[in-house]
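Every heavy atom of this structure was used, including side-chain atoms; hydrogens, water molecules and symmetry mates were not. One-based numbering along the sequence shown.
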Amino acid sequence: MFLKKRHLEILKKMKETESQKEIEKALPEDFKNRVVELYILGFVELEGDSIRFTEAGKRLLELVEKLDIENLPEIFIDSEIIKIMELLEETGQVPEDWLALLKERQLADDNGLNEIGKEILKIYRETHPIVYLTPQILSFVRNMPKIGLYDELITYKNSKNFGDYIINALQAMRLLMISPKTSDKAFSTTKTLANVIKIANMVPNISRALILRKEDFELLESGKGSESLEESGFYKEGVTELGKEMMETYKGLGKVEEKTLPIYVLEDELEVLKAIEEIKKIYETNPKVIPTYKEIEKRVNIKDLGETLHILESKELIERKVVDNKDTYWMTEFGEKAKEFGKVTTDGMKAITYPEAGDVPIAEWVMAGKEEGTVKRGITEKGKFYMNLSKTIKRKPYLTKYDVSALVKVPKKKYIHRDELVKLIMEHVGGEEEEIIRAINEAESKGFIVELQNKMIKLTKLGEDVKDAVEEARVPELLNTKFAVTPTTFNILRAIYENREEVDRVWKEKEEGKEHKENEIILLAKLLPLTIDEIKKSLVILKNTGFIGKRGLTDAGKKLVEAYLTFWA
């Protein structure tokens, strides 16, 4: 949405007259652009010299009449203000300087959004802009940066005629979003801009605006046309390719999708992947050298190799195999490519996952994306690979003490500020602030939490389900056991869960006083690529932490497995 003070003044003047000439005479400044923007937004209809309210326009006018227009800033609503309003409504808290922007626009007070703010947000959600593509807009979008810092957008805008008008129009059509300011402002375009660029390439020499309204869209969708649709080139004995692209553009305006869970791959993980590659090359000529823990350890300088291997396995970058009765680690196809593309953090990925879903990243995420190479003027090849990886893999759990603490401390269905969560985790399990912040970022990549632009954090559905499982288990033992919930221990729980009839039979045959019966170990060894020793060790851990009991999986064990089966579904 994009509304200047002048838009509001035009709406008020429309109560007196429907004549554009009369309104322009009273409010001449940039009148034609302002009227077109109101038309794009769906608040007015234009016919000849007449300008009339739509139903949405009438609703907006009711709010405008409650505002002290004289004391409003020149830009009343834009995509930045909408994002602040959404965050305030969703989380109940935004930074003071963001709240001040809403207060000066008479949209909020210290208690949150006021009635005007709530109603404007409602109108925003219930209205749909039209597609309005002028030759200037189509020329502008061809080479514009798609994701970046706000200064980059302004630099590009200043290089083009009609730049201000086009930035406004793109925001009105919800093709362009500007973030609230943190250290800086950022911007991003939505996926739907790709359709607009296709249209620009289909009609390189167009001399008039291409317009698609709701009624036009519905007519084309039903397979019908009209004289105006034929004149525009959208219909000719059926919907044309141009018409189809316009329809796709219309459908995509303002569309918000579920965000892709951002992956992360850090330097230690890359070092291990390179070591595994080195061992694999030796193995091809000398089969006695295989990528065991000890062989990898010889080639890396990592504080905790076990942790790194668990992390890589949880992201399907490596897989475990039993070779010569030894546990070994081999790169997957994703691991091979990640090794070449290099490091990426959760923040660097959010620079591209947010625009992909129709949301805007903050400046810090964009800067991380630029530094890590997921963003240049848009999504890079590296960014596309990691986006595909993020969408494709089935993450398995690897819970650190910080994950367990965060799951315990974050309440269900409520937001908590990151600074508060850092403090709670520090008090609960200790650790340095920087280390905990990194762990919180990683918890987001694991799918347990989501952190929004205003640093407010909430548990995801997976996070809530895993929280239930953790709290049913033995939390003190989970915190004190270094590798309690890992892909390996989870795979054992899943194997027991999915083969429970056979496992139950073996468990019922267990002799009192014995930790494990041989048939149980043999069965799990058949089901999983693990050595006998690894299975025995994992079963002891799972029993100590409360995921396995005397007669099978505990409620905690069942809940953990079911949480991930639901997550993957």
Side chain proximity check, [X] to [Y], heavy atoms < 4.5 angstrom:
X	Y	answer
Asn491	Glu313	yes
Lys413	Glu464	yes
Val429	Ile436	no
Ile379	Thr374	no
Ile82	Ile77	yes
Ile496	Leu524	yes

Minimum heavy-atom distance between [X] and [Y], given as atom pair plus value:
X	Y	answer
Ile541	Thr545	O-OG1, 2.8 Å
Glu86	Leu121	CG-CD1, 3.9 Å
Leu99	Asp109	CD1-O, 3.9 Å
Thr554	Gly549	CG2-N, 3.4 Å
Pro355	Thr189	CB-O, 3.8 Å
Ile276	Ile318	CD1-CG2, 3.8 Å

How far apart are the C-alpha atoms of Lys280 and Glu336, what are their side-chain angles, what is the distance that settles it, and do they pass the salt bridge (charged side-chain N to carboxylate O under 4.0 Å, His left out) test? CA-CA 12 Å; Lys280 182 184 172 186; Glu336 296 273 3; 3.5 Å; yes

Rounded to the nearest 0.5 Å, how far does [atom2] of [Y] lie from [atom1] of [X]?
X	Y	atom1	atom2	result
Leu407	Leu399	CG	CG	6.5 Å
Asp78	Ile167	CG	CD1	11.5 Å
Arg395	Tyr564	CZ	OH	10.0 Å
Met349	Thr260	CE	OG1	7.5 Å
Tyr329	Ile279	OH	CD1	11.5 Å
Met85	Glu90	CE	CD	14.0 Å

Checking Lys370, Lys146, Arg377 against Glu152 for salt bridge (charged side-chain N to carboxylate O under 4.0 Å, His left out), the one that qualifies is Lys370

Test salt bridge (charged side-chain N to carboxylate O under 4.0 Å, His left out), reference Lys339, set Glu333, Glu269, Glu277, output is Glu277

I want to check a possible cation-pi pair here: [X] against [Y], using under 6.0 Å from ring centre and within 45° of the ring axis as the test.
X	Y	result
Lys315	Tyr264	yes
Arg500	Tyr497	yes
Lys259	Tyr354	yes

- Query: Do Arg299 and Glu295 sit within salt-bridge range, that is, some charged N less than 4.0 Å from a carboxylate O?
  - Reply: yes

Check this for me, if you would: do Lys185 and Glu80 make a salt bridge, where the nitrogen-to-carboxylate-oxygen distance has to be below 4.0 angstrom?
yes

Taking the side chain from [X] and the backbone from [Y], do they hold a donor-acceptor pair closer than 3.5 Å?
X	Y	value
Arg105	Phe76	yes
Thr531	Asp327	no
Thr486	Thr488	yes
Arg474	Lys543	yes
Ser538	Thr489	no
Thr380	Gly373	yes
Ser390	Pro262	no

Notebook entry, point to check: So Glu420 and Lys423, salt bridge (charged side-chain N to carboxylate O under 4.0 Å, His left out) or not? Walk me through it.
Noted result: CA-CA 5 Å; Glu420 184 181 349; Lys423 183 181 175 184; over 6 Å; no

Please determine whether side chain to side chain contact (heavy atoms under 4.5 Å, CB included) holds for the pair Ile416 and Val410, giving the CA-CA distance in whole Å, both sets of side-chain angles, and the decisive distance to 0.1 Å.
CA-CA 7 Å; Ile416 181 172; Val410 178; 4.1 Å; yes

**Report entry** Stepwise side chain to side chain contact (heavy atoms under 4.5 Å, CB included) check, Ser445 with Ile263
**Finding:** CA-CA 5 Å; Ser445 284; Ile263 198 70; 5.6 Å; no

The single option from Val300, Val272, Leu270 that satisfies side chain to side chain contact (heavy atoms under 4.5 Å, CB included) with Thr308 is Val272

CA sep, side-chain torsions, deciding dist, call: Glu316, Leu389, side chain to side chain contact (heavy atoms under 4.5 Å, CB included): CA-CA 9 Å; Glu316 295 189 354; Leu389 176 65; over 6 Å; no

State whether a side-chain donor-acceptor pair under 3.5 Å links Thr345 with Glu372. yes

Derivation and outcome, side-chain hydrogen bond (donor to acceptor under 3.5 Å, both in side chains), residues Arg320 and Thr328
CA-CA 6 Å; Arg320 292 181 72 149; Thr328 61; over 6 Å; no

For a side-chain hydrogen bond (donor to acceptor under 3.5 Å, both in side chains) check, start with the C-alpha distance between Thr182 and Glu364, then their side-chain angles and the critical distance, and finish with the verdict. CA-CA 8 Å; Thr182 49; Glu364 285 76 6; 2.5 Å; yes

Could you walk me through whether Met426 and Glu433 pass the side chain to side chain contact (heavy atoms under 4.5 Å, CB included) test, one step at a time? CA-CA 8 Å; Met426 201 178 291; Glu433 182 178 350; 3.9 Å; yes

Determine whether Asn301 and Glu271 satisfy the following criterion, side-chain hydrogen bond (donor to acceptor under 3.5 Å, both in side chains), listing intermediate values before the conclusion. CA-CA 8 Å; Asn301 181 26; Glu271 190 178 342; over 6 Å; no

The ring pair (Phe, Tyr, Trp, His ring centres under 6.0 Å) partners of Tyr156 (sequence neighbours excluded) come to Phe140

Could you please spell out the steps behind the salt bridge (charged side-chain N to carboxylate O under 4.0 Å, His left out) verdict for Asp268 and Lys303? CA-CA 9 Å; Asp268 284 358; Lys303 183 180 176 183; over 6 Å; no

Practice item. Flag the pair Phe385 / Phe341 as yes when their ring centroid distance falls below 6.0 Å, and as no otherwise. Key: yes

Go through Lys455 and Glu451 one step at a time and tell me if the salt bridge (charged side-chain N to carboxylate O under 4.0 Å, His left out) criterion holds.
-> CA-CA 6 Å; Lys455 298 186 180 179; Glu451 181 180 350; over 6 Å; no

Ring pair (Phe, Tyr, Trp, His ring centres under 6.0 Å) pairs touching residues 394-431, sequence neighbours excluded, are His310-Tyr398

